[in-house]
Number of protein chains: 2
Amino acid sequence: MAKKPANKSQIEYKGPNTISKSTSSGSVGKLLFVFAILGGLLAFYVYKVVTTPPDLPKYDVNNWWGPYPIDQQKDVSIRPFKIEFSDVIVNDLRERLMHRRPFVPPLEGTGFDYGFNSNFLGQVLHYWENKYNFKDRQNFFNKFDHYKTNIQGLDIHYIHVKPKVSADIEVLPLLMLHGWPGSIREFYELIPKLTTPRPGDNFVFEIIAPSLPGFGYSQSPARKGFGPVETAVLMSNLMKRVGRTQYYIQGGDFGHVIGSTMATLFPEQILGFHTNMPVNTSPVAMFYLWLGSLWPSMLVEHEVQDRVYPLREHVARLLQETGYLHLQATKPDTLGISLTDSPAGLAAYILEKFSTWTNPEFINASDGRLLDKFQLTHLLDNVMMYWAPNSIATSIRTYAEIFSTRTLTMRLDDIPTDVPTWGIKFKHELLFFPDCLLRLKYKNYLHSTMVEEGGHFAAFEMPDVMAKDIFEAVKTFREFHGNERTPSPKDKRIKTIYDFTVKDLSGKEIKLEKYKGYVVLIVNVASQCGLTDTNYKQLNELYEKYSDKGLRILAFPCNQFGGQEPGSAEEIFKFISNRGVKFDIFEKISVNGENAHPLWQFLKNSQSGMIGDFIKWNFSKFLVDRNGVPVDRFAPTVSPLDLESYLVKYL
Amino acid sequence: MAKKPANKSQIEYKGPNTISKSTSSGSVGKLLFVFAILGGLLAFYVYKVVTTPPDLPKYDVNNWWGPYPIDQQKDVSIRPFKIEFSDVIVNDLRERLMHRRPFVPPLEGTGFDYGFNSNFLGQVLHYWENKYNFKDRQNFFNKFDHYKTNIQGLDIHYIHVKPKVSADIEVLPLLMLHGWPGSIREFYELIPKLTTPRPGDNFVFEIIAPSLPGFGYSQSPARKGFGPVETAVLMSNLMKRVGRTQYYIQGGDFGHVIGSTMATLFPEQILGFHTNMPVNTSPVAMFYLWLGSLWPSMLVEHEVQDRVYPLREHVARLLQETGYLHLQATKPDTLGISLTDSPAGLAAYILEKFSTWTNPEFINASDGRLLDKFQLTHLLDNVMMYWAPNSIATSIRTYAEIFSTRTLTMRLDDIPTDVPTWGIKFKHELLFFPDCLLRLKYKNYLHSTMVEEGGHFAAFEMPDVMAKDIFEAVKTFREFHGNERTPSPKDKRIKTIYDFTVKDLSGKEIKLEKYKGYVVLIVNVASQCGLTDTNYKQLNELYEKYSDKGLRILAFPCNQFGGQEPGSAEEIFKFISNRGVKFDIFEKISVNGENAHPLWQFLKNSQSGMIGDFIKWNFSKFLVDRNGVPVDRFAPTVSPLDLESYLVKYL
């Protein structure tokens, strides 16, 4: 204990008390406030970092992935291959199915909600053991031409279907990439529809459908690090091996990931990318998706909002459906043992996905409603692509590579690609991203086809819809390339607003060509917004002042922000008449989402917003010069009269 | 298009432009600021909600969990039971092991990092098939007395070991609860150490170690909803069945969850809870743990900070180790098929955990260093507890019940319990929570034993350490009950500061009894803090003014906040001498964390802080009345002179 000092020279402090008195409760408030500010600053910093695209990842196109030592003399010819369900394989499989251990019954009243229902599994396994005709199915598999060829040390298996067509039909190479737990089998119904000419189309496809390394009959890499980039390189090498240097890609699931990576690394090779799982998993896109919970209509049209919002429900489904992914990304080899050893376990593990990924409601049925959409024989065909070549264990290692720190830090979805891209969005796909977020990655994302049914295994479930869509996509890709290939939609075919047609309040079509030579201010308006008064008054004022000098103002009513433009055309007409509006007002439209008006799509692409291209609120403003080119963009909070200094530069 | 109105009666708006002009970049700043504020308010709201304990969950002590119809005449006697590895079981198992399918080799250079190494698994399976002596092991298992009895429709299996001791040794019932993928086997080395009297202890344990429902030889519930609460009810009924209404509990893993739930629901039955996985997974505790990343020393002593910080690394390990949990919580029945069917798959799945949960470094070894800590026979014993009774599929359903929305919304860890609790913290346990966060749940959390080795399967790995610790814990529980049992530590045995002894700067012990009759202000001080000047000056001033009226000020240097009191006792003495300090200064101590000084532990318990009991910064102040009872607490930002109005009430 300190003795009290004898020296009493200390200064008595009598200054103003600058440290405010505070109760504990007040401290909490302060603390939270400080955290909030820090959080805001951090968010801005993170935003800056994540919106700066990383460099392209490094890769070696000749890296050896087979077992060492490297064999420089390796046979790299293309060898015909046949799928064979030998007696040894079939008898062993039947033995295992026959001697399967008794499975515990499902809990009372459960369907597929605790996983594959063991009662129904009994029926599936009985069919597999006794009714599945292995020889027939072997012949079925071999109806297309199969090949193997060694690339970078790995024997790669693929189907190659060359259509026989007359000389006036162009044959376009299409690389088809399956996912997990899918296989080349998913494409069997689709392939003939793609290799047969369609009325009105002057092209048809030549199909190259490989088993991905470690899947089906393709050899697995011998060491770590064979992720999406390495797979993309190998696939590009495969296409070169079959003599194709420019081609189209179709993919879903892992096939989407590889296709997207190829479009990112080899844009000069990929003529177009058709994906049935159009996603952008970059942090920025995820953040917008999350932010969209507050105002879904900012991102997604009302009719399809339920595909992603309420986000909570969709995340819950995702959590429920991604346990396999978590385990496969971390301990694939542990899981691989039991799935390698037990055909019953493998069938349950694979086929469960074909139930709940096809339609989330199927989870409540005791048979997972598997047979609503698929034939049991076809489902078991797909299981055979894992069982017969014993490839389940190597296929699931893929997840460890996709979710490795190494792959994740590449931030592949943050690197934009110019390859024209087309998505088809099936209603029950696990992930849904609106077009505006897809465009952050796919700069030439040309179109989304919305399908009001169907799930994750689209090619397998709805081959007709897929075939039609792939033809349409490729037709559009060809039109895209018909014009000079340019790096960004900003200066693509459509260069001015004069290419667009809009409708006036009475529904009459108005070609924007009529504004040629004018400076045009385009704005989305609403009658019931806090900004309405100021904007209408000042727009009128601006118009009065500058219309003689060549200004035109084009106002588009839009109900997407707070529902503040709910009225009919007549009501809007009445509203503007009462206000004495002198400038031009058009039919109510959408400015964001799937159904956004093409003019607005063009405006947004031409003049990007600071935190995303989408329109943030009523009274966003675009300035277009006398040549029809959008030259500036202003936030809703910028008042019309504040634009004068900008306007005069173009008048 | 609207026609320009003929009527030009609109008012020209010329008022001040109140909407500020703003660039897009400015909008971002504003938006982030608004979000930050909203975030702060939301955080405060959430805090208020989560710190209000929920009601105890409802439960029915007689609910029927067996298959319907309910059998009112069910035999509820206690029946002896023997574990049997019959020839049928053994031959079937050996057949399956012999005919196991070839496993794919591990990737080059991998150990256990992709999961169980298949090369090493071959050795394990060869041993199981050829060297594991099933008859010997059956006898080993039966060395304790096993029983079955039907509770709520389920046949429950348990070990019951009654020690034979002289009359002067008290026999205390101890319920031992295993976890997943553990079993009663984990306790076999520990049980004899608990049933044998120890020198110096006048008690010994009677062991009741059940297989949890759905595990080992205990029947599984027939329907959904058998979560931790329902398991706790059934376990309580089991203890009543064996004639024990008051008892101790030991548990880890899922056994911790059940033990904790029993302590929450039945505090009158549980005399003490010993846990080797002391966790508090309430949102508040998790939030503090996260917040602690900023100032680890606020929560955890420096020496053990690496058990939980950097949090990022520990969360990464947790993510890596919880794929099984994610899958078992969502699709247990799918996974259950393959693990039921394949003994190889089951062994890999279970034994992988005994490697990486015992020590994270073991993941790099090709044998997972499994045999460093365990004998292969013993590990396979544990696998047999899942294989022989075919209980793997039902055991993993447990996770679906723990992580069901129904269970999670009960927020069991937010409901405090008064049952005296004692934790033992092994170095490599997957989760680490500092005592201050455990006390949010366990109001009478009496002690943590820190062990500088060992992992998740503590009873199995280190039975000696566990036995010693259980004896010490129960001795302390008995002392605790020796005094009147009170609901909270605030008014427990220690009621005044006079029970404590501290040391002065020279290391001399000072009994705080010497302050009897004085009003005491206790404060933690530091020499290099922004608050140092004001506080020292004003404390001196306060002391000068009120010491005659009976005020004493006790200052404790502490280096836990920003390292702002780094000096030695001599340096501190020099510092206060220079400042002419008149009040009493003591030896440097810790105020937070495992090594916090008991006086400060008592002060914090007596006067809770608004956002947690822990001390937030230098110059926290406690006011103690003339009877030695802490009566108020003030934040560091409250200046000494601001205390006058409070002081005078007690002087």
Side-chain angles (χ1 to χ4, degrees), chain A residues 1-2 4-5 10 13 19 21-22 24-25 27-28 32-33 36-37 39-40 43-44 100-101 103-104 107-108 114-116 222-224 320 323 326-327 330-334 337-342 344-345 348-349 352 393-394 504 537 576-577 580 582 584-585 610-611 635 637-639 642, chain B residues 1-2 4-5 10 13 19 21-22 24-25 27-28 32-33 36-37 39-40 43-44 100-101 103-104 107-108 114-116 222-224 320 323 326-327 330-334 337-342 344-345 348-349 352 393-394 504 537 576-577 580-582 584-585 610-611 635 637 639 642:
Chain A
M1 199 183 326
K4 292 168 198 168
Q10 79 278 3
Y13 181 75
I19 298 166
K21 181 177 183 313
S22 148
S24 296
S25 157
S27 305
V28 175
L32 289 173
F33 185 77
I37 299 294
F44 188 71
R100 65 184 181 265
R101 216 153 172 240
F103 303 127
V104 296
L107 291 172
E108 284 173 14
Y114 278 60
F116 207 106
R223 61 196 67 82
K224 297 188 204 183
Q320 190 176 27
H326 191 169
L327 191 56
T330 50
K331 311 278 180 184
D333 284 13
T334 300
I337 300 295
S338 63
L339 299 181
T340 295
D341 207 28
S342 162
Y349 198 76
E352 174 216 291
T394 50
D504 71 12
K537 282 170 187 163
I576 57 165
S577 302
K582 304 181 201 73
D584 300 342
I585 302 226
M610 182 61 84
I611 55 164
T637 46
V638 181
S639 300
D642 293 327
Chain B
M1 200 186 324
K4 290 168 198 166
Q10 79 278 5
Y13 181 73
I19 297 164
K21 185 174 182 312
S22 150
S24 295
S25 160
S27 303
V28 175
L32 289 173
F33 185 77
I37 298 294
F44 188 70
R100 65 183 180 266
R101 217 154 171 240
F103 302 128
V104 296
L107 291 172
E108 283 172 14
Y114 277 61
F116 206 107
R223 64 196 65 83
K224 297 186 205 184
Q320 190 175 28
H326 191 169
L327 191 57
T330 50
K331 312 277 180 184
D333 284 13
T334 299
I337 300 295
S338 63
L339 299 181
T340 295
D341 206 29
S342 162
Y349 198 77
E352 172 216 291
T394 50
D504 69 13
K537 284 167 185 163
I576 58 166
S577 301
V581 167
K582 305 180 201 72
D584 301 341
I585 300 224
M610 183 59 86
I611 54 163
T637 47
S639 299
D642 292 328

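To find a chain, count down the sequence lines: A is the first, B the second, and so on, and within it residues start at 1.
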*Asks:* Which of the residues B/Thr394, B/Val104, B/Asp333 is involved in the greatest number of heavy-atom pairs with chain A at under 4.5 angstrom?
*Replies:*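 Looking at each option in turn, the highest pair count goes to B/Asp333.
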*Asks:* Working to the nearest 0.5 Å, report the span between OG1 of A/Thr340 and CZ of B/Arg100.
*Replies:*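 Taking OG1 in A/Thr340 and CZ in B/Arg100, the distance rounds to 12.5 Å.
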*Asks:* Do the non-hydrogen side-chain atoms of A/Tyr114 and B/Thr330 ever get within less than 4.5 Å of each other?
*Replies:*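 Side chain of A/Tyr114 against side chain of B/Thr330, heavy atoms only: no contact under 4.5 Å found.
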*Asks:* Rounded to the nearest 0.5 Å, what separates atom CZ in B/Phe103 from atom CG in A/Asp341?
*Replies:*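 Output value for this atom pair is 4.5 Å.
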*Asks:* What distance separates B/Phe116 CZ from A/Ser338 OG, expressed to the nearest 0.5 Å?
*Replies:*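 Going from CZ on B/Phe116 over to OG on A/Ser338, the span is 13.0 Å.
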*Asks:* Could you tell me which residues satisfy side chain to side chain donor-acceptor pair (under 3.5 Å) with B/Gln320, sequence neighbours excluded, listed by chain and number?
*Replies:*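 B/Gln320 satisfies side chain to side chain donor-acceptor pair (under 3.5 Å) with no residue once adjacent residues are dropped.
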*Asks:* Using 0.5 Å steps for rounding, measure from the CD atom of A/Glu108 to the CZ atom of B/Arg223.
*Replies:*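 If I round to the nearest 0.5 Å, the distance is 4.0 Å.
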*Asks:* Calculate, to the nearest 0.5 Å, the distance between atoms CD and CD1 belonging to A/Glu352 and B/Ile337 respectively.
*Replies:*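 Rounded to the nearest 0.5 Å, the CD-CD1 separation comes to 11.0 Å.
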*Asks:* If you look at every heavy atom in B/Thr334 and A/Tyr349, which pair is closest and at what distance?
*Replies:*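 Residues B/Thr334 and A/Tyr349, closest heavy atoms: CG2-CA, 3.5 Å.
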